[in-house]
Amino acid sequence: SSLEFRTNNSGVAMTIDTSQRVGIGTLSPSTNLHVKTSSGDCTVLIEAAENASGSEPRLQLKGTNTSSNPIIEFGDSAAFPGSIEYENSDNSMRLTTNASERMRIDSSGNIQVGTTTVIDQSRNLTNIGTATFNGGVTMNSTLNCASTIGIAGTTVIDGSRNLTNIGTISSGAITTT
């Protein structure tokens, strides 16, 4: 039978079942630690008093061998379509939304967005799709584009690498290759 902890005769506050699963707020834990609330937010707090010796609050996910992949999953009553996963086989960190991998940081620190193919060796951000930058963009090298380049919703370099819709250029130069 289960071990139950009660508070002030208000019902069961915590349960340890026969499979050694701990339930807080539930009589039937479905995982090793199952925390549930019937209303409001369900928050787990990890707190440490930071001091000179470097005590920091930590959440550690550790597998029993080098092929395990620690995962934090995000979901609702239907599924878990979002996750953050550390892939031990290639030492990458992967971000999933809507049940598809959307971003990866490889073992060299390179970032892949919208693709799982090999990153170019110049360690540039490789983006397949559309990038939106709110603010300035500084480039100290070459901008390569297979399609068009637009500014404020207006195409300024078309798919044939022709300048179009250019008003006044006050400084610098625009070059195409």
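No experiment lies behind these values; they were computed from the predicted model shown.
One N or O on the side chain of Asp76 and one on the backbone of Ala79 form a donor-acceptor pair closer than 3.5 Å. Remark: the backbone N or O of Pro81 is not paired with any side-chain donor or acceptor of Asn98 at under 3.5 angstrom. At least one donor-acceptor pair under 3.5 Å links the side chain of Arg102 to the backbone N or O of Thr97.
Val35 pairs in a side-chain contact (heavy atoms from CB on, under 4.5 Å) with only one of the listed residues (Thr37, Thr31, Leu33), which is Leu33.
The stretch residues 21-31 participates, sequence neighbours left out, in these salt bridge (Lys or Arg N to Asp or Glu O under 4.0 Å) pairs: Asp17-Arg21. Sorted pairs that involve residues 22-34 and meet salt bridge (Lys or Arg N to Asp or Glu O under 4.0 Å), not counting sequence neighbours, are lacking altogether. Residue pairs meeting the salt bridge (Lys or Arg N to Asp or Glu O under 4.0 Å) criterion with at least one partner in residues 33-43, sequence neighbours excluded, are absent.
Note that NE2 of His34 is 12.0 Å distant from CG of Asn32, once rounded to the nearest 0.5 Å. The distance from atom CD of Glu87 to atom OG of Ser67, rounded to the nearest 0.5 Å, is 9.5 Å. For the atom pair Met14 CE and Glu4 CD, the distance stands at 11.0 Å (nearest 0.5 Å). Of the inter-residue distances, the one linking Ser92 atom OG with Met103 atom CE reads 11.0 Å to the nearest 0.5 angstrom. Here Asp106 contributes atom CG and Arg94 contributes atom CZ; the two are 10.0 Å apart, rounded to the nearest 0.5 Å. Rounded to the nearest 0.5 angstrom, Ile24 CD1 and Ile16 CD1 are separated by 9.5 Å.
Through side-chain heavy atoms spaced under 4.5 Å, either directly or across other Ile, Leu, Val, Met, Phe, Trp or Tyr residues, Leu59 is tied to Ile46. In this structure, Leu27 shares a hydrophobic cluster with Val12, the cluster being traced through Ile, Leu, Val, Met, Phe, Trp and Tyr side chains under 4.5 angstrom apart.
Listed by chain and number, the residues in a side chain to side chain contact (heavy atoms under 4.5 Å, CB included) with Phe74 are Ile72, Ile84 (sequence neighbours excluded).
No chain of hydrophobic side-chain contacts below 4.5 Å, direct or via other Ile, Leu, Val, Met, Phe, Trp or Tyr residues, connects Leu61 to Ile71.
The two atoms that bring Ser2 and Thr15 nearest to each other are CB-CG2, 3.8 Å, heavy atoms only. Summarising the geometry of Arg104 relative to Asp90, their closest heavy-atom pair is NH1-OD2, 4.1 Å, with the distance given to 0.1 Å. Contact detail for Ser68 and Gly63: the closest heavy-atom pair is OG-CA, 3.1 Å.
For Asn8, the CG atom is loosely surrounded, since the number of other residues' heavy atoms within 6.0 Å does not exceed 12.
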